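These notes concern the structure reproduced below.
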Amino acid sequence: MTTQLPPGMHIETVDEKIMTLNVGPQHPGSGHMRLIIKVDGDYIVSCDPDPGYVHRGEEKMAEYRNYIQNIPHLERPVIHDSSNILYPYCLGVEELLGIEVPERAKYIRVIAAELNRCIYILYWLAIYGIFLGHSTMFMWPAGDRELFIDLLEAMSGARVTHAYLIPGGVRNDLPSNFEERCLRQVEYFEKRLKEYEAIFYQNPLLKARTEGSGILSRTDAIRLGTTGSVLRASGVDFDVRKKEPYDVYENLDFQTIVMKEGDSYARSRIPYLEMFESCRIIKDALKKMPKSGSVRTKLKPNPKGGNDEVYRRVESGRGAIGYYIVSNNRPEPYRVKISVGSFRNLICMPYLLKGEKLGNMPAVYWGLNYWPVEADR
Amino acid sequence: MNSGTEKDEVKDTAEAHSTNSENTSRSDSMSKDEAKKFYEEKGLDLSPDVPVKPKPIPVFEKSLADKISSKFGNKIHVDYVRADRIRVTTKREDIVDVAKFIRDELKYDHAESVSGVDYPDSSEIEVVYHLGSYTDEKLGRQIFALATRVPREDVPNPGSDGTRTPSLRDVFYSVEFHERECFEMFGVYFEGHPDMRRLLLPEDWADIPPFRKDFKIKGR
């Protein structure tokens, strides 16, 4: 007798040699998601990612709130990188409402975004370190992250959830003597960052575990539509900050980090090298920023968006974030779709883990620079 | 796509603030002139929220749009051509051919996102593919939006009703998870997708697809 199953459901056949493991959703090694891994002995035969445990319906909530009310909740998917996830929303709403942003605000936004990128990468690096059994690499980035948190706290008043970027500019101006303080801390951090190289990236144990594991070829990286450090580790020179510069990125001096290897080591090294570039951007922006002037274009109360749609994207710590905002002459958006780097990189997880040893799973998984909460939205 | 002139907008805003004109105790019950005066005194302007500025049509984007319209003629509709953005709508029967042309001739190589947009008034759901390119230098800034509309049923039965469209997974591999998300959130079934399962929602979700407009958030 055959049973008619509804679409989307299937019956799984069991092979006695193959064991199925549920990694997560509570396991710290997987974050807030589940990986259904099948192993033959010590080797992974297949991997089926099962996200959705922290789905909060950000896109649905955005349809019920007006353009300004949406700001605090849209940063929640990735609070460590809150400026970068709000950035494309602000750019999109500005395009929709036809708002011009003051020059000084553009520079402040770039500084906030780069400080936030460092905060995210340091947080990610701490987790990556501890899951490879390197506890020093947990302590150091977690401690150095405070430098940037302090700076953003001085800018916005909040330690983690800043909601600092708003359509029309930034919420408030920089505090007095912020420039000197920021410069001093960034210069200290650059010196500190060089020490990471010797203790972590030249560590033979790390190299043994990550070099040559989870190789993603250039063709596959493009075909699977990966983004961010995963893409650049596979030899594709693509960074939204360079390819489609937003605000003042085209005036600033930095370069894209690209590596050819495509393995787990290259993927973990690219964010580290990008922190040097972020420091360069911050220093350059502090130099070129207008010393005074408005930081915010006042919006009309409850502005309506016209009958239009926009798609804007920026480069975040985990790859491109794109916002697709559809408006229908109402103060609330009709539809907001957030296309995030973590969700786009999720697709290569089954490819990379196939054939790996189970013990190497965290090295490949965390090397993807993947943030489950962001992927779920 | 901007509709509504400056005049309309002013009228509209003033009207919105002059509802309930019988109920004189409410502070927002003002006539149009009173409302206008009130806002002028407060220093708030009543100009339209979106300034209507004609923008020049960019040359490179126009050439791409011309290429695709000369190939497909009236099978497609070019919705807009703007700086770095092109949007084309097509019927669902033609979407695979159009997508293949975009991949092979226009050199777009991956999908950034697949969005569903629900239009209950016209009984349709729109599926929008945002395509980009990594390999072509000139297309680095570009996003190509390819849209199609599928019929929408008032009582959805995801996977078994007429809300279906051909999958683009064989053309753009990267849409795999995006289409799965669109399936569970809007109930659009993608024919030919090898793994049309739920992704984010729990297996025992028994309500209607949650991103449809008739699914309301509690308390809102």
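Lettering of chains follows the sequences in order, A, B, ..., and the numbering in each one begins at 1. Just so it is clear, the structure is predicted and the values come from calculations on it, not from any experiment.
Arg335(A) contributes a side-chain N or O that, together with a main-chain N or O of Gly116(B), makes up a donor-acceptor pair within less than 3.5 Å. Panel note: side chain Lys304(A), backbone Ser327(A); no donor-acceptor pair is recorded below 3.5 Å. Between the Glu61(B) side chain and the Ile86(B) main chain, no donor and acceptor come within less than 3.5 Å of each other.
Contacts between Asp237(A) and chain B at a heavy-atom distance below 4.5 Å are absent for every atom of the residue. For Phe172(B), no part lies near chain A; criterion is any non-hydrogen pair under 4.5 Å. Only the backbone of Ser133(B) comes within less than 4.5 Å of a heavy atom in chain A; its side chain stays farther off. Within the 4.5 angstrom heavy-atom criterion, only side-chain atoms of Glu137(B), from C-beta onward, approach chain A. Contacts of Arg212(B) with chain A are made by backbone atoms alone, with heavy-atom separations under 4.5 Å and no side-chain atom involved. Contacts between Ile143(B) and chain A at a heavy-atom distance below 4.5 Å involve the side chain alone, from C-beta outward. Interface remark: Lys337(A) contributes side-chain atoms only to the contact with chain B (heavy atom separation under 4.5 Å). Looking at Pro202(B), there are no atoms closer than 4.5 Å to chain A (heavy atoms on both sides), in backbone or side chain. Contacts of Thr226(A) with chain B are made by backbone atoms alone, with heavy-atom separations under 4.5 Å and no side-chain atom involved.
Chain A forms the most heavy-atom pairs under 4.5 Å with one residue out of Asp118(B), Asp84(B), Val175(B), and that residue is Asp118(B). Each of Tyr334(A), Tyr53(A), Phe238(A), Phe343(A) has some count of heavy-atom pairs under 4.5 Å with chain B, and the biggest count is that of Tyr334(A). Among Leu231(A), Val326(A), Asp50(A), Val236(A), the residue with the largest count of heavy-atom pairs under 4.5 Å with chain B is Leu231(A). Chosen from Arg377(A), Arg313(A), Arg218(A), Lys298(A), the residue pairing most often with chain B at heavy-atom distances under 4.5 Å is Arg313(A).
A salt bridge does not link Arg92(B) with Glu124(B): none of the charged nitrogens is closer than 4.0 Å to a carboxylate oxygen.
With 3.5 Å as the limit, one finds a donor-acceptor pair spanning the side chains of Asn22(A) and Arg34(A).
By the neighbour-count criterion of 12 heavy atoms within 6.0 Å, atom CG of Asp154(B) is sparsely surrounded, having that number or fewer from other residues, nucleotides or ligands. Within a 6.0 Å sphere centred on CD of Glu191(B), heavy atoms belonging to other residues, nucleotides or ligands number more than 12.
Between Ser339(A) and Arg344(A) the shortest heavy-atom distance is OG-CD, 3.6 Å.
Aromatic ring orientation, His55(A) versus Phe211(B): tilted (interplanar angle from 30° to 60°).
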